[in-house]
Amino acid sequence: MGPAPNTETAIDGTTPVGVGGWLLVYLGGSIPFLLVHAAGLSGWFLDYALWLLVAIFLVLASPLALILLKSPRAPTWNVVALWVVALVITLRAAAVPFNLETDGTAQRRNPEEWVAAIAILAAIVVGSLAWATIWTAYFRRSLRVRNTFRPQ
């Protein structure tokens, strides 16, 4: 008697497959999330150049395309991209006070402005790390992900 076939089912008795449910939420939610990150990163390099923002967004969004193409590597590449983006945006936020362009501006800021700026940066960092943590857990545990992206 050989190994049993993979017959896992969801609670309602169906076998979830394809881009739907929380995977669809991930795709839709990732687009504005990645646009914000692309803007922050383009500002880090070239003062928010539109062409650079678009290029960074396309690079960051490429793992999303793998989901739509149902590539078996999609879950792995999305998890890697989540953490790379979260770590790079954390570095970007940490570097804000040290940017040469902001030295003159930084000296003119009052403490309330610094508190507001730090709060915004902290929210971006915490949000990025939370987004990466939540979706990493989803990609590793989801029955839909396992059924949709398992090698044929």
Side-chain angles (χ1 to χ4, degrees), residues 1-102 115-152:
M1 189 163 175
N6 184 358
T7 57
E8 295 177 349
T9 58
I11 294 171
D12 64 359
T14 62
T15 303
V17 177
V19 178
W22 287 108
L23 193 54
L24 194 56
V25 171
Y26 169 74
L27 285 171
S30 290
I31 292 171
F33 176 78
L34 292 175
L35 278 170
V36 167
H37 285 71
L41 295 174
S42 70
W44 196 8
F45 298 110
L46 284 177
D47 200 26
Y48 305 101
L50 182 60
W51 67 269
L52 184 58
L53 182 144
V54 171
I56 290 172
F57 173 76
L58 291 174
V59 168
L60 296 178
S62 61
L64 300 178
L66 294 176
I67 289 174
L68 296 174
L69 296 172
K70 295 185 182 171
S71 167
R73 298 300 226 170
T76 301
W77 278 108
N78 274 272
V79 168
V80 168
L82 285 165
W83 286 103
V84 167
V85 168
L87 295 174
V88 170
I89 208 67
T90 299
L91 290 173
R92 165 71 170 118
V96 165
F98 305 106
N99 287 349
L100 295 176
E101 309 89 47
T102 61
V115 168
I118 290 169
I120 291 168
L121 293 172
I124 291 169
V125 168
V126 169
S128 297
L129 295 173
W131 185 263
T133 301
I134 290 166
W135 290 111
T136 296
Y138 174 77
F139 277 107
R140 291 199 171 150
R141 295 182 185 148
S142 169
L143 187 60
R144 177 178 298 279
V145 169
R146 193 170 334 146
N147 290 339
T148 301
F149 299 107
R150 75 173 160 238
Q152 300 298 329

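Values below: all heavy atoms of this structure, side chains included; hydrogens, waters and symmetry mates excluded.
For Ser142, the side chain to side chain contact (heavy atoms under 4.5 Å, CB included) partners at least two apart in sequence or on another chain are Tyr138, Arg144, Val145. Applying the side chain to side chain contact (heavy atoms under 4.5 Å, CB included) criterion to Ile134, with sequence neighbours excluded, gives no partner residue. Val88 meets the side chain to side chain contact (heavy atoms under 4.5 Å, CB included) test with Leu41, Trp44, Val84; sequence neighbours excluded. Residues meeting the side chain to side chain donor-acceptor pair (under 3.5 Å) test with Ser30, sequence neighbours left out: none.
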Exercise answer: donor-acceptor pairs, residues 51-74 side-chain atoms, under 3.5 Å, sequence neighbours excluded:
| residue | atom | partner | partner atom | Å |
| --- | --- | --- | --- | --- |
| Ser62 | OG | Val59 | O | 2.8 |
| Ser71 | OG | Arg73 | N | 3.2 |

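The two atoms that bring Arg141 and Arg146 nearest to each other are O-NH2, 3.2 Å, heavy atoms only. Listed here is the closest heavy atom pair of Ser42 and Ala39: OG-O, 3.0 Å. Of all heavy-atom pairs spanning Ala86 and Ala132, the tightest one is CB-CB, 4.2 Å. The two atoms that bring Pro32 and Gly29 nearest to each other are CD-O, 3.5 Å, heavy atoms only.
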In sequence, state the C-alpha distance, the side-chain angles, and the governing distance for Val125 and Leu121, and then conclude on side-chain contact (heavy atoms from CB on, under 4.5 Å).
CA-CA 6 Å; Val125 168; Leu121 293 172; 5.5 Å; no
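With Phe149 as the partner, the side chain to side chain contact (heavy atoms under 4.5 Å, CB included) test is satisfied by one option alone out of Asn78, Leu23, Thr76: Leu23.
To the nearest 0.5 Å, the span separating OG1 on Thr136 from CG on Leu82 amounts to 5.0 Å. Rounded to the nearest 0.5 Å, atoms CG (Leu35) and CD1 (Ile31) are 8.0 Å apart.
Proximity of Trp83 to Thr133: side-chain heavy atoms (C-beta onward) are separated by under 4.5 Å at one or more points.
Screening residues 22-43 for ring pair (Phe, Tyr, Trp, His ring centres under 6.0 Å), with sequence neighbours left out, gives Tyr26-Trp135, Tyr26-Phe139, Phe33-His37, Phe33-Trp131.
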